[in-house]
Each structure stands twice: as structure tokens, then as C-alpha cells.
Novice: 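Sharing a structure here in C-alpha cells format.
Each chain gets a letter, A, B and so on, in the order its sequence line appears, and its residues count up from 1.
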Number of protein chains: 2
Amino acid sequence: MATIRDVAKRADVSTATVSRVINQNGYVNEDTKKRVKEAIDQLNYVPNEVARNLFTGRSEMIALFVPDITNPFFPELARAVEDIANRYHYTFVLCNTDNDIDKQIDYLNALQQKSVDGFILVSSSLTEEYLQQIRVPVVALDRMISNCISSVTVNNRLGGRQAVEHLKAIGCQRIAHIAGPEHTNNAVERMRGYLDGVKHEAWFNSSYVVSGAYHFDEAREAAIKLLTDYPEIDGIFAGNDLMGAGVLNAAASLGKNIPDELAVVGFDGVAMAETVTPTLTTVAQPIYDIGAKAADMLIKQIETHDSTVLTEEFNVQLIERQSTLRKEDKDER
Amino acid sequence: MATIRDVAKRADVSTATVSRVINQNGYVNEDTKKRVKEAIDQLNYVPNEVARNLFTGRSEMIALFVPDITNPFFPELARAVEDIANRYHYTFVLCNTDNDIDKQIDYLNALQQKSVDGFILVSSSLTEEYLQQIRVPVVALDRMISNCISSVTVNNRLGGRQAVEHLKAIGCQRIAHIAGPEHTNNAVERMRGYLDGVKHEAWFNSSYVVSGAYHFDEAREAAIKLLTDYPEIDGIFAGNDLMGAGVLNAAASLGKNIPDELAVVGFDGVAMAETVTPTLTTVAQPIYDIGAKAADMLIKQIETHDSTVLTEEFNVQLIERQSTLRKEDKDER
DNA sequence: TTGTATGCGTTATCAG
DNA sequence: CTGATAACGCATACAA
């Protein structure tokens with residue numbers, strides 16, 4: 001591994017000059033610049049990032065924390081962040097946290113010791129107080145953490161509302177909601193949106209709302225219980241697509257026809273929603289865009305040292321698929 | 001940010017002594033050790049990893065390259081690698097390569113400049129020659145790269161064979177195969193396994209084998225074409241579970257009943273195979289185990305400097321689900 | 001336009 | 001048992 005000194009020796013200049021041509025700052029004669037470049041080529045020299053980082057205190061690394069990498073929403077998000085990170089020559093570190101507070105703190109510490117330049121956090125357990133100690137930029141993604149921390153989210157409440165309005169529009173008379181985790185604000189917002197749409201309905205019954213995790217299995221069980229206890233339910237808004245898939249599965253085990261006996265709407269708009277049978281109607285987030293935006297914001301904060309708190313909220317969009325495509329609609333086509 | 005010198009000053013010792021207590025090597029008096037520890041606590045000192053890395057030339061980071069993070073197989077694999085990495089206090093870096101050779105080379109260079117300690121590669125485009133230049137340990141995962149590079153794989157050929165034998169056993173008369181990418185050796189092996197099982201059948205027709213990518217959409221299109229051109233096909237072995245889901249979807253669009261008119265087997269055993277409707281029979285890999293094994297091997301190589309080439313092959317296991325559960329079988333239960 | 005000297009925060013060697 | 005000090009590889013004042 002050649003060092004800057006080897007290059008300097010070969011080009012018969014000082015290391016300072018080599019450094020200048022590498023970083024393109026300071027004046028350097030065209031001739032010597034050429035000599036240096038030749039030496040670099042010949043020796044196959046590449047700067048040692050670690051040494052550079054030690055000096056600059058920066059590492060050109062950013063980290064993304066996600067609660068569950070096996071939920072297809074997060075790989076899609078990670079892709080976006082990674083793409084932007086690469087574009088700006090940052091190394092991307094992905095951390096799976098299980099939303100476990102200790103794991104997150106361990107990661108935070110380990111990465112700060114490595115001089116990570118910033119964090120993008122999907123977390124519903126890290127607190128504002130704790131993050132205040134972090135000396136590098138932080139952006140919350142998918143879930144707000146506090147007003148003092150920049151965030152990129154979507155309009156979950158409106159999305160929840162849209163989901164139930166759609167179910168009503170296709171003729172559902174009794175609409176239930178299988179919500180995501182109670183301590184997660186996007187799940188809470190989605191539930192609020194649901195309530196906005198149904199609380200004034202004569203049939204509304206608070207037992208139609210159950211909470212769980214953002215998982216397939218739990219949603220499946222919850223749906224089976226719900227549909228068994230309340231056979232009149234003919235529409236379910238699931239907290240996310242994974243849960244929506246769980247509901248589809250539950251309906252299949254119960255022999256309920258989808259969408260005629262039961263219509264289902266998910267949330268997120270992951271690719272998986274199109275791969276299930278029937279395909280799942282969903283409130284789609286612009287997943288790539290929010291990931292990219294968060295990465296953009298973070299890198300901007302890193303490079304400008306501007307710590308203004310920014311809050312971006314994107315819009316969601318209902319995508320109709322087979323799980324809510326009823327006969328009357330079918331005939332129209 | 002306190003440095004080792006601050007600690008030394010406060011404990012009234014030299015930095016060397018502080019270093020000794022931190023790294024627990026060399027002799028140090030119990031009393032001074034206590035003083036140093038107190039100083040560390042009071043100053044909230046944590047060693048700067050970057051400086052440490054500059055000196056040691058190691059970074060306690062390992063990287064995993066995967067071709068497509070949105071294929072659920074890879075998040076499950078990544079989880080395993082991450083768990084083991086954390087257990088040994090390595091930072092885990094995940095790189096999505098699209099199997100693009102330039103992207104992989106960029107990553108390889110960038111990470112080597114950061115003194116990454118080793119690579120786990122899922123790649124069917126990196127060559128042995130290129131990797132020979134890498135000066136840190138490398139383990140190939142999921143796909144062999146060459147005999148000179150340690151690898152962790154499964155018995156793909158036998159798995160392919162098991163898939164078709166199962167289809168035959170449930171009564172399929174015409175079995176097709178939608179294979180994964182041609183230049184990917186696990187896809188080739190799976191196809192070989194398929195051929196092992198069908199090539200001596202009187203009905204065998206090489207048009208029953210088509211190649212594609214490991215994607216949902218392509219498999220879906222391929223299945224539609226196959227089932228349209230050859231309506232006699234009553235069993236399909238898909239190259240992986242994502243493709244299997246594509247086949248299920250194709251069957252649904254064509255109004256083919258699964259499993260009675262068409263039975264389907266996938267490969268991998270990802271969680272998604274249980275979430276589709278009907279649930280997908282699959283040749284399951286021990287995903288977590290192979291990921292964990294690869295991480296184990298890599299870290300062992302890093303820490304022992306033992307560069308013996310190791311080759312681990314795990315066994316796969318057929319898991320029967322609804323997509324191959326025919327009437328006669330159903331009656332038996 | 002170029003070179004010298006210094007420091008970034010550690011670890012390890014070698015005296016003491 | 002402990003302390004000075006020289007690396008690790010680079011970038012930047014400051015001088016020339």
C-alpha cells in the first residue's frame with residue numbers, strides 16, 4: 001500500500017504538494033502537478049481514508065437505523081438512502097434495531113466512535129433527550145421523534161382517512177382497523193385517520209379497532225379473531241401492507257371471498273402488495289422519494305453545518321387493486 | 001470529546017498507562033488502574049476508533065454485498081450476518097450491488113480505503129482474478145466464486161431435484177422450470193437438479209425450461225407465456241420464491257386453479273412464501289444459518305490470519321404447502 | 001509555487 | 001510497574 005510519502009519521493013516533491021494535487025486546493029505548478037499524477041498512477045496510490053478521517057474528524061459515512069429489515073418497506077427505503085449516499089460519496093451503514101432501545105444506543109455509540117457523519121433514524125423508542133447529546137446531524141424518517149429533530153414523513157392521518165373513505169365508497173358497511181404498534185406515531189396517525197372517517201357512523205364500535213405490531217402473523221391472528229367475533233365486518237383497513245397480507249391470508253383460511261365478502265386496504269405501497277393474491281389495495285407512500293429526501297437533507301446538514309430543523313411531509317396516494325375491486329366496479333370496466 | 005491525554009492528565013499518569021488499562025494488557029498497579037478508571041468515568045471518555053484504526057490498520061468493520069436488497073431472501077441473510085458481526089463487535093456494512101460489476105468495484109475500493117476487515121460477497125459477476133488483489137479475507141455466500149475463495153452455499157442441485165421429484169410424486173405429468181439468471185451458478189445448479197429429475201421422462205421437452213432473472217415480474221410473464229403455449233403443463237418449479245410468487249400470480253390471472261390444475265414449487269424458504277395465497281411449497285435453505293456461518297468464517301479468518309480456503313455446503317429441505325397440496329393428499333388428512 | 005513542521009488520537013517499543 | 005516517544009498517513013499553518 002503506497003503512501004503519500006512514496007508518491008512524494010517518486011515525484012520528487014513534498015507530501016504537501018502531493019496533498020495539494022489530490023485535494024485540488026492551493027496553487028501548484030502544472031508541470032509538477034503532472035509529475036505527481038504520474039507518480040500516483042505508477043504507484044497505484046489511493047489515499048488512506050482512515051488517516052484522512054483522523055485529521056478531518058469526518059468519515060464520509062452515514063447510518064440508517066431501521067426497526068425490521070425483513071419488512072419489505074425498509075429495504076425499499078434503504079435502497080433510496082443508499083443511492084443518495086453513494087451519489088455524494090458517502091458510505092452507507094444499515095443497522096437493524098428491532099426497535100430495541102439498547103441496541104440503538106449501542107449502535108449510536110459505536111458509530112460515533114467511528115466518526116459517522118450523521119444518522120437517519122426510523123425509531124419509535126429513541127427520545128429527544130437522548131438524541132440531544134449526539135453531536136452530528138440526525139434526521140428522523142417515517143416517524144417523527146420530536147419537533148426539535150428534522151424529519152421526513154408522510155401524511156398518515158389523511159392516508160388512513162382515504163383508506164376508509166374508499167372502503168365506504170365501494171359499499172362496505174362495517175369497517176374495522178388492525179392498527180400498528182401503539183407507541184409508534186405513524187400507526188397512531190393512521191388510526192386517527194380511520195377514526196375521522198368512521199366515528200360518526202351509526203354502526204361504529206370501538207371493538208372494531210385492534211392494535212398489534214407491524215407483522216404478518218399478528219395481523220393474521222387479529223383478523224381471524226375479528227372476523228369470527230364480528231362476522232358483519234366487510235372491510236378492513238390494515239396498518240401496513242404486511243398486515244394487509246395477513247388479513248388476506250386470514251380471509252382465505254376462513255373461506256371469505258375477497259373483495260366481495262371482505263375488502264382490504266393496506267398502507268405503504270410496497271412491491272409485495274402487488275405480488276399477493278388477490279393484489280392488495282394500498283395507501284402508497286412515495287417510498288423512494290422519502291428515503292432520498294431524508295438522505296439529501298442529512299447530507300446537506302452535514303456539509304453546510306446548518307442545523308435548522310426541517311420537516312417534510314409527503315403525500316400518500318390510494319392505489320386500487322383487486323382486494324377492493326367489487327362487482328359493480330368490475331362491470332364498469 | 002475527551003482524549004486519552006485528558007484522561008492521563010486527570011489521573012496524573014501517562015497516556016501509555018491509560019492505554020494499558022483500556023486494553024487490559026501490560027502490568028498496571030491496582031491503585032493507578034482505579035484512578036484511571038475514575039478519570040475515564042468522570043470525563044466520559046471513549047476511545048476514538050479512527051485513531052485506533054489508523055494505528056492498527058484494522059477497522060472492525062465487515063461488509064456484505066447483496067445483488068438485490070428488495071428480494072426478501074437477502075434481508076433475511078443480512079440479519080444473520082449482522083447478528084454475528086455485532087456479537088464480535090464488528091460494524092456491519094450492507095451494500096446493494098444490483099450485481100453491477102462497476103458498483104461492486106467502487107464499493108470494494110471505497111471500503112478498502114476505509115480499512116474494512118473483510119468481505120462477504122453474494123456475487124455472480126466478480127471474478128477470481130479481481131478478488132485476488134484484495135488483501136483482506138473474502139467469503140463467497142449463496143454463490144461460489146471460485147475454488148480459491150471460501151464459500152458457504154447450499155446443495156442447489158439436489159434441491160432442484162427434490163422439487164421435481166415432489167411434483168412428480170403428487171401426480172404432475174408435465175413439469176416446467178422457470179430458472180434464475182443464466183450466469184448465476186446457483187440458478188444453473190437448480191436447473192441441473194431439475195434436469196436430473198425430468199430428462200429421462202418421455203414427455204420432456206426442452207421448451208419447458210426458460211431462463212430469466214430472480215424477479216417476480218419476469219417470472220410472471222414467463223409463466224403466462226409458458227402456460228399459454230403449453231397448456232398441458234401441470235407443475236412448475238420456479239428458480240426462487242419470488243419467482244414462485246410470480247407463477248402463482250400468473251396462474252390467478254389465467255384462472256388456473258392451484259394446486260389442482262397447476263402445482264408450484266419455489267426455492268429459498270423466505271417468510272414471504274408463507275404469506276402468499278395459496279402458501280408456496282418451497283425448497284428451503286437454512287437462510288439464517290448460512291449467513292451466520294459465512295460471518296463466522298470471515299471473522300475467524302480475520303482474527304486468526306488463517307487463509308485456508310473453506311467450503312461449506314448446507315442442505316436444503318422441501319417444505320410442503322398449499323401450492324402442491326392436491327386433493328388426494330388433502331383427503332389423507 | 002513549494003517545503004517544513006506539526007498535530008489528529010491511538011498503540012507499542014523501550015528505557016527506567 | 002510506569003513514562004517518553006515514535007510511529008500510523010494525511011492535511012494544514014506558516015515560512016521560504
Novice: Without swapping roles, check the side chain of B:S125 against the backbone of B:N99 for a donor-acceptor pair under 3.5 Å.
Specialist: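 Yes.
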
Novice: Within the 3.5 Å criterion, strictly below it, is a donor on B:T91 or B:E60 matched to an acceptor on the partner's side chain?
Specialist: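 Absent: no donor and acceptor within the cut-off.
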
Novice: With a 4.0 angstrom cut-off to heavy atoms of chain B, pull out the first and last contacting nucleotide of DNA chain D, in 5'-to-3' order.
Specialist: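 Counting from the 5' end, contacts occupy D:dC1 to D:dG9.
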
Novice: Answer yes or no: is there an ion pair linking B:K33 with B:E30, defined by an N-O contact shorter than 4.0 Å?
Specialist: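 Salt bridge between B:K33 and B:E30, a charged N being under 4.0 Å from a carboxylate O: yes.
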
Novice: Any side-chain heavy atom of B:P67 within less than 4.5 Å of one from B:D100?
Specialist: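 No, too far: nothing below the 4.5 Å cut-off.
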
Novice: For the residue pair A:F65 and A:F119, does the interplanar ring angle fall in the parallel (under 30°), tilted (30 to 60°) or perpendicular (over 60°) class?
Specialist: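 Rings of A:F65 and A:F119: perpendicular, as their planes differ by over 60°.
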
Novice: Is there side-chain contact between B:F92 and A:N96, with heavy atoms separated by less than 4.5 Å?
Specialist: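 B:F92 vs A:N96: side chains apart.
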
Novice: Rounded off to whole Å, could you give me the CD1-to-C1' distance for the A:I4 and C:dC8 pair?
Specialist: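 Result: 15 Å.
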
Novice: What nucleic acid atoms does B:V13 come within less than 4.0 Å of, heavy atoms only: base, sugar-phosphate, or nothing?
Specialist: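 Sugar-phosphate: the residue B:V13, judged by heavy atoms under 4.0 Å, touches backbone atoms but no base.
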
Novice: Considering only heavy atoms from C-beta outward, does the side chain of B:I149 approach that of B:V139 to under 4.5 Å?
Specialist: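 No, their side chains stay 4.5 Å or more apart.
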
Novice: Across the strands shown, which category fits A:S19 at heavy-atom distances under 4.0 angstrom: base, sugar-phosphate, nothing?
Specialist: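 Base: the residue A:S19, judged by heavy atoms under 4.0 Å, touches a nucleobase.
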
Novice: Measure the shortest side-chain to side-chain distance between A:E49 and A:T56 over non-hydrogen atoms and say whether it is less than 4.5 angstrom.
Specialist: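 When only atoms from C-beta onward are counted, A:T56 and A:E49 do not touch, as no gap falls below 4.5 Å.
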
Novice: Which residues in residues 31-59 of chain B have at least one heavy atom lying under 4.0 Å from any atom of DNA chain D?
Specialist: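 B:T32, B:L54, B:F55, in order of number.
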
Novice: Is the closest side-chain heavy-atom distance between B:D142 and B:Q285 below 4.5 Å?
Specialist: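 B:D142 reaches B:Q285 side chain to side chain.
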
Novice: Please work out if B:D6 contacts a base, only the sugar-phosphate, or nothing of the nucleic acid, heavy-atom cut-off 4.0 Å.
Specialist: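 Here B:D6 touches no strand at all.
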
Novice: Tell me the interatomic distance from B:I22, atom CD1, to C:dA12, atom P, rounded to whole angstroms.
Specialist: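 Rounded to the whole Å, the gap is 12 Å.
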
Novice: Rounded to whole angstrom units, what separation is found between the OH atom of A:Y27 and the C1' atom of C:dG3?
Specialist: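 After rounding, the reported distance stands at 18 Å.
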
Novice: Would you indicate whether the side-chain heavy atoms of A:V136 and A:D117 approach each other to under 4.5 Å?
Specialist: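 Counting from C-beta outward, A:D117 and A:V136 never come under 4.5 Å.
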
Novice: Note the angle between the end axes of the helix from C:dT1-D:dA16 to C:dG16-D:dC1, five pairs defining each, rounded to 10 degrees.
Specialist: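 Between the axes fitted at each end of the helix from C:dT1-D:dA16 to C:dG16-D:dC1 lies an angle of 50°.
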
Novice: Take B:K103 and B:D98, measure what salt bridge (charged side-chain N to carboxylate O under 4.0 Å, His left out) needs, and give me the verdict at the end.
Specialist: CA-CA 8 Å; B:K103 219 170 153 187; B:D98 300 321; 3.2 Å; yes

